[in-house]
Each structure stands twice: as structure tokens, then as C-alpha cells.
Q: 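I'd like to ask some things about the structure below.
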2 protein chains.
Amino acid sequence: MNLKDLAATLGLSQTTVSRALNGYPEVSEATRKRVREAAREHGYRPDSRARSLATGRAMAVGLVLTTSARQEIVNPVFADFVASAAETLAARGYDIVMSLVTEAEQTAVYRSLLRKGRVDGLIMQAPLTGDTRIGILHKIGLPFVVHGRVSDHDEAYSWMDMDNRHAFHTATDHLLDLGHRDIALINGIEDMDFAHRRREGFIDALAARNLRPRPELMASAAMTESYGHDTAQRMLAQPHPPTAFLASSMLVGMGVHRAIREAGLQMGREVSVVVHDDGLSYLPNGTPEQPLFTATHSPVRQAGHLCADMLLRLIADPSEGPIHTKLQASFLVGPSTGPAPIQ
Amino acid sequence: MNLKDLAATLGLSQTTVSRALNGYPEVSEATRKRVREAAREHGYRPDSRARSLATGRAMAVGLVLTTSARQEIVNPVFADFVASAAETLAARGYDIVMSLVTEAEQTAVYRSLLRKGRVDGLIMQAPLTGDTRIGILHKIGLPFVVHGRVSDHDEAYSWMDMDNRHAFHTATDHLLDLGHRDIALINGIEDMDFAHRRREGFIDALAARNLRPRPELMASAAMTESYGHDTAQRMLAQPHPPTAFLASSMLVGMGVHRAIREAGLQMGREVSVVVHDDGLSYLPNGTPEQPLFTATHSPVRQAGHLCADMLLRLIADPSEGPIHTKLQASFLVGPSTGPAPIQ
DNA sequence: CTGAAAGCGCTAACAT
DNA sequence: ATGTTAGCGCTTTCAG
């Protein structure tokens, strides 16, 4: 049952039926009611393609993920982000069109997979440092919001980001305040812009106290539990081991914990750990076995909602120009002590 | 630049240009080449809506998630599933349209959010026992594949599922073979069909040896680390504690581990644990600290690919009728021993 | 091998 | 308040 049929059934024109259904004011209430009932009765649903073609609005936003961001998509944080973005978008009648593409196809795909008309705007995920996608997106001309930022990108663009630099600066400061001087950074892949910024925050905090990072205490790789474990284990076996760790995700943090336990060290006494994940920094130190998985509030959810909101604003009025949101990470201070006395 | 403009530029008709670009044989190679070059040069991209309207194919499949499945969407397994499904679909030129809807809107939304024409088929996720969505999907008439199954549903429908019952039967058998008799099941929410089946596998395995499950050793809730921990802790504090646990996810398993460590019990000697997640069962017993996160092969990835493949087959030929795939879970046997001798 | 014309289902000016 | 008409951009008969 399409509009034409429905109109015929009712003895009305397509126009009137369309107007009645879409809430236009110039339709008599009697007619509107009649039309609505008939529509419901016949289970009429407008064809989204036809409507989209006629209106120019797709009522969908795109989410493009590159295969190299694979690692990102399986990140629980990603799922949370998408879920909350989808929630906000769904409330406004928008769908999410997700495409997964290989690195090589990128340029082509940004134009063709998000073929003209399929979406009204885009959310770009997991930017790398010096990411070229922003230039492409600009050329496409669709409104877009970047979840994250791209260091060293000149053009203005809209973004929504955690303040990763500040989070790691604060976390490092905290450890420094506790008296730690040999702090290890177990970071994600530093091609990812967020990891890059985290590292900067770490180094800045050290520099502010005239300290230099020890290169052998900085690692960068995909954030798995075993990476956290192996790296921490190796660092702890060094002649001059770290007294504190900064772990760049929950999984990494768990690995670090494991290495510390295996080394027979006492968490929170001999070694401190700050874990940062999901926009949340915390110190599971004093209570080494405290659950790592029960954060009651999740900044990344907020991030998803915000990102979607921003995009909708941009779609409604592209002239609003580049807009930014910087989300402050939370820092949950747990019980903790300084480093073990020098032996 | 649309088809009309492109045709005008070339001094050809829209028809010829369309045919040239879509690989129809009746176009001369010379013309085709000329057209292709012009298309590339002008960055021509067909409008997906217009094409879809004309061909009837949307080149997209839908993925509907209800808000109550919230818990599911943040499950890392979900992200993995979607990623691999998207990969398969993208290779065939299909996008994924994701909609997140509230429980209440369900019926309406299945018809209207997936408005006619937006997608060619659907993947239904996270079915509950007695889920009513299948009936709705049938009425919509679009091809669909259920990831999971719905117990007690009469109509035939296409599905792709892990053999959860068998997995838990096997796992329970394994523990029984080791001599355990007091086995605890720390399950997910048993409204979810997969959890329901897991429980059945557990009970069946016990029944096969004339054993009854002890109700106080069976729990069902959202699969978090703290749930695993608190539940295991409570069970271990009972006068007649379990000697083995069956944990229904990695996170739950970690919680159980923590409770066991805290109770001062020796993993793999005094207490055994089988963890099942992501279609993989394993015994991290003998080496209590072995990484839980480094499974090298992930059945859920395969599930995503398979599910997408099935749907594409169904879209290509709906008459292929309901098709099913039952994916066997893997069982990784680690070092383990029987229960501690009765004191 | 190429083109003219119809139509996919809807909305939006432009009448009336 | 309702109808007429003209597209939106593409594919696809049907002619030539």
C-alpha cells in the first residue's frame, strides 16, 4: 500500500493525504482523522527512499570505520559510544548507517559507500595523528563531527573529545605528589591521536617538575591484557624498576595488576597504578582486588550523546560553523600511598 | 554532478551513461571508457536513494537493538559480532543500518524505523525466551536472520546460533569427570535465550548422572565482574560450598577468580572454574593467573560472518526458505584437577 | 549500439 | 481546505 493507493481508497489526492499524515496545518481535522485511520488500518508506511529523494533529507547519519580501526571497534568503549549516540539519534528519528571499509578504499568509500544521499551527516571515529580523512570529509561537504581530535590539522572542524592530555597530566601529577619518580606509561598505539595526547600529558607533567621520562618505561601497543602484563613484567625485571604505572585502559591495567601480583609486590604499598579508561581515571591501589568494572558513571556514554547532539545541530544549521566540546575526564582517587622506601 | 549533467557533458543520453557505468554489455568499449573517465573526472556518484527507488534494492541490512538489550550492546561480544558482519556485508557493497529502539516502540518501530525500502533484510540480535519480535518480522516480510534462537517459537525462521546447550553440557561433564559434584552456575539473565539454553545444558548434564542442581548454587543476573565476585563469595561462604564454578562470561569469570583468591582457596586444586565466553569454553584452573583475554580464535567473529552470509543468501533468493547454522563452541581444556578431598 | 520515455513513491510549489 | 503538476535521480522497457 503506497500513497497513491491510499489516496485512491480515500477518494483524496496524494497531496492531501501526504499533508494530513505529515501534520501540515492546512488540512481539516476531519480529513486528517479519516486519513490517519485509513493509514493505520492499511498499515501504510512511507517509503523512506522516495521521501528522502523528495525532501533531500536522509534521516540517517553515517559512521565509518576503517578496518585498521578494527582494534577500536572491538573496544567495549566503542560499543558504548555507538549505543548512546544511537539512542540520541533514534529519539530524533535518525538511523545510523555503519560502514566498515579497508584502509585502501578509504577515499573512494567516503564518497561512494556513503553515497550521495544516504546520510545527512557523519561521525568520524578513532582519528589518527595527522589523519587525512578530515580533508576528505571537508570536500564531501556533509556536516561531520569527529569523535576525538587530530593533532596538527589546520582546517577548522567540529569535534568532541575527552581531555586526554589533562587526564594524564592529572594522573601523573597525582603519582608525583605521592612521591613517585619512576613512573611507567603503558600506552595504546600512539598513532591514535588519543594515545598521542595521553603521552603528551604524561611528559608535560614530568617536565613541569623538571623530570624526564625514562624511555625504557614507556610502551605503546594495542591495549590488551597480555600486553599490559608482559610489558609491566619486563619493566619490573629491570635493574631500576618503576614504582608506579599509568595504564591506558582497563584491560592493560588488569595485565599490569597481574604482573605486579606475580612479582610478589604489594599493590598500593610498593607499587601504585593509575588506570584510565572510558574517560575515567582511578587508583585501584589500596584495595588491589577492588572491582575494576563497576564504574557507576561512564563519560563515554555522555560522549556519544553529545556527539550525536552536535551533529544534529550541524545538520539543522550547517552555518553554525565548527563547534567543539571538550569533555573533562573524571579522576577517582582511591586509597594510595607513596613508593616503597629506597632499599 | 548527477547522471543528467554527466550525460549532457558527454553528449550522450542518460541511458547510455547509466549502462556504461553499470557494466551492461550492449555498450561499445570506446563509449564505456569515455564515460568512465568522465565520471571519475567529475567525481560522479550515483544517488543511492534514486537508484534504490528505481531498482528496489536498498543495498543495506538492518540491525535493530532494543533499549532493553542495552546490556547486550555494551557487551564486547556484540561489537565483535557487528564488526565481522559489517566486514562481510561491506565486501558485497552492503551497509548496516542500526536502529536503537525502546521496548515500547518495538512493534511500531520494526515497521516504521526500518521504513519500507531502507533495508533489504534484517539481523535480529539478542533474542529473549518467548520473544515476540519474530512474529513481527515475519509480518514485515523482509528476509531476516536471528542471531540466537527463541525457545518455544513455533514458526520456522532462519537463525545462526552457538550451541550453548551443548557447550554447557560439555563443560559440566568435564567438571563431573574431574569428580566435582557441587558445581555452581553463575549465569547471565535467563530471560535471554542463550542463558536459558546454557542453564538447560548444565541441568541436563547433571541429570544424565542422576544429579540435581542445588538451587542455591545457581545465579542469574547481568554479567558483570562484581556480580561474579559477589555471587561466588556468597556461595563460598555457605556451609556446603561449591568445588567448581561455571561462569557465563569472561567478566563473570574474573569476578569468580577474585572471590576465590580472596577466600584463600587454591585455583585448580581446591576449586575449579570453567569460563565460557565468545563461544569458547576454557579452564583457567591450573594456572590461575593465565591471561583470560588472549583467545586466538574467536567464534563470535565467525558468527558475524556467517550471519551476514546467510542473510545475503536469503536476500538473493528468499525462497531458499528458513536456513539454520549451529556453531559448535570450542572447549579448551587446561590443566585441572578434581575437587579437594573431603575434609 | 544508442536514445526516448515511463515510472519508482514521495513532497512541494503553484493553483483554485 | 483540496487538487494539479512537476520534479527528486536513477533504471528499465521499448523503439530504432
Side-chain angles (χ1 to χ4, degrees), chain A residues 1-36 38-39 42-60 93 111-120 141-142, chain B residues 1-36 38-39 42-60 93 111-120 141-142:
Chain A
M1 168 74 58
N2 59 21
L3 191 63
K4 195 170 166 184
D5 299 338
L6 186 61
T9 309
L10 285 158
L12 289 168
S13 74
Q14 287 191 41
T15 315
T16 303
V17 176
S18 169
R19 284 201 274 238
L21 258 23
N22 291 318
Y24 282 63
E26 62 263 57
V27 180
S28 78
E29 270 317 307
T31 312
R32 193 187 302 279
K33 194 171 178 186
R34 205 159 66 88
V35 171
R36 281 211 177 118
H42 293 85
Y44 166 75
R45 293 291 148 186
D47 185 306
S48 61
R49 301 164 295 187
R51 167 180 277 178
S52 174
L53 199 53
T55 61
R57 277 166 282 126
M59 296 306 282
R111 309 189 208 237
S112 80
L113 244 194
L114 301 167
R115 310 183 250 285
K116 234 171 39 191
R118 176 146 281 188
V119 299
D120 298 317
L142 244 37
Chain B
M1 167 73 59
N2 60 23
L3 191 62
K4 196 171 165 185
D5 299 338
L6 186 62
T9 308
L10 284 158
L12 288 168
S13 73
Q14 288 191 41
T15 316
T16 304
V17 176
S18 170
R19 284 200 275 238
L21 258 22
N22 291 317
Y24 282 62
E26 61 263 58
V27 180
S28 79
E29 270 317 307
T31 310
R32 192 188 302 278
K33 194 172 177 186
R34 205 159 66 87
V35 169
R36 279 209 178 122
H42 292 87
Y44 166 75
R45 294 290 150 185
D47 185 304
S48 61
R49 301 164 295 186
R51 167 180 279 178
S52 175
L53 197 53
T55 61
R57 276 167 281 126
M59 295 306 282
R111 308 189 208 236
S112 80
L113 243 192
L114 301 167
R115 307 182 253 283
K116 231 170 45 191
R118 176 146 281 189
V119 298
D120 298 318
L142 242 39

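Each chain gets a letter, A, B and so on, in the order its sequence line appears, and its residues count up from 1.
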Q: Given atom CE of B:Met59 and atom P of D:dC10, what is their separation to the nearest angstrom?
A: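 Rounded to whole Å, this separation is 16 Å.
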Q: With no hydrogens and no angle check, is any side-chain donor or acceptor of B:Asp120 less than 3.5 Å from a backbone partner on B:Met59?
A: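 Yes, the answer is positive, given that a donor and an acceptor are paired below the 3.5 Å cut-off.
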Q: To the nearest Å, how far apart are B:Lys33 NZ and C:dC1 C1'?
A: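 Rounded to whole Å, this separation is 19 Å.
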Q: Just N and O in the side chain of B:Ser13: are any of them under 4.0 Å from OP1 or OP2 of C:dA4?
A: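 So the side chain of B:Ser13 is outside the cut-off, no N or O lying under 4.0 Å from OP1 or OP2 of C:dA4.
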Q: Of all the nucleotides listed (D:dG7, D:dT12, D:dC10), which has the minimum atom distance to the side chain of A:Ala54?
A: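 Between D:dG7, D:dT12, D:dC10, the one nearest the side chain of A:Ala54 would be D:dG7.
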Q: Measuring from atom CG of A:Leu10 to atom CG of A:Asp5, what distance do you get when rounded to the nearest 0.5 angstrom?
A: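 Between atom CG of A:Leu10 and atom CG of A:Asp5 there are 11.0 Å.
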Q: Taking atom types as modelled and ignoring hydrogens, do the side chains of A:Thr15 and A:Ser18 form a donor-acceptor contact shorter than 3.5 angstrom?
A: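 On atom types as modelled, these side chains do not qualify, holding no pair under 3.5 Å.
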Q: Between the side chains of B:Asn2 and B:Arg45, is a donor N or O closer than 3.5 angstrom to an acceptor N or O?
A: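 On atom types as modelled, these side chains do not qualify, holding no pair under 3.5 Å.
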Q: Consider the side chain of A:Ala50, meaning its heavy atoms from C-beta on, and name the nucleotide among D:dT12, D:dT2, C:dG9 that approaches it most closely.
A: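 Nucleotide nearest to A:Ala50's side chain: C:dG9.
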Q: Ignoring backbone atoms, test whether A:Thr55 places a side-chain nitrogen or oxygen under 4.0 Å from the OP1 or OP2 oxygen of C:dC10.
A: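 False: A:Thr55 side-chain N/O out of range (4.0 Å or more) of C:dC10 OP1/OP2.
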Q: Classify the nucleic acid contact of A:Arg19 as base, sugar-phosphate or nothing, counting any heavy atom under 4.0 Å across all strands shown.
A: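 Answer is base: heavy atoms of A:Arg19 come under 4.0 Å of a base.
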Q: Measure from OH on B:Tyr24 to P on D:dT13 and round the result to the nearest Å.
A: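 To the nearest whole Å, that distance equals 8 Å.
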Q: Should the side chain of B:Thr15 and the base of D:dT11 be counted as holding a donor-acceptor pair, with the cut-off at 3.5 Å?
A: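 No.
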Q: Taking for each residue the nucleotide of DNA chain D bearing the nearest heavy atom, is the 5' side occupied by A:Pro25 or by B:Asp47?
A: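 So the residue in question is A:Pro25.
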Q: Nearest whole Å is fine: how far is D:dG9 P from B:Tyr44 OH?
A: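 Taking OH of B:Tyr44 and P of D:dG9, I get 10 Å after rounding.
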Q: Can you tell me how far P of D:dG7 sits from CG of B:Leu3, to the nearest Å?
A: 17 Å
Q: On a plain distance test, is the side chain of A:Thr31 in donor-acceptor contact with the base of D:dT2 below 3.5 Å?
A: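 Not at all, since no donor on one side and acceptor on the other fall under 3.5 Å apart.
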Q: Quick one: B:Asn2 CG to D:dG9 P, roughly how many Å, whole number?
A: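 B:Asn2 atom CG is separated from D:dG9 atom P by 5 Å.
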Q: Measuring from atom CG of B:Leu53 to atom OG of A:Ser48, what distance do you get when rounded to the nearest 0.5 angstrom?
A: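 If we round to the nearest 0.5 Å, B:Leu53:CG and A:Ser48:OG are 9.5 Å apart.
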Q: Respond yes when some side-chain nitrogen or oxygen of B:Thr16 is under 4.0 Å from OP1 or OP2 of C:dG3, and no when none is.
A: yes
Q: Within this structure, what is the NZ-to-P distance between B:Lys4 and C:dG3, rounded to whole angstrom?
A: 16 Å
Q: What's the CD-P distance between B:Glu26 and C:dT2, to the nearest Å?
A: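 Spelled out: CD on B:Glu26 to P on C:dT2 is 10 Å.
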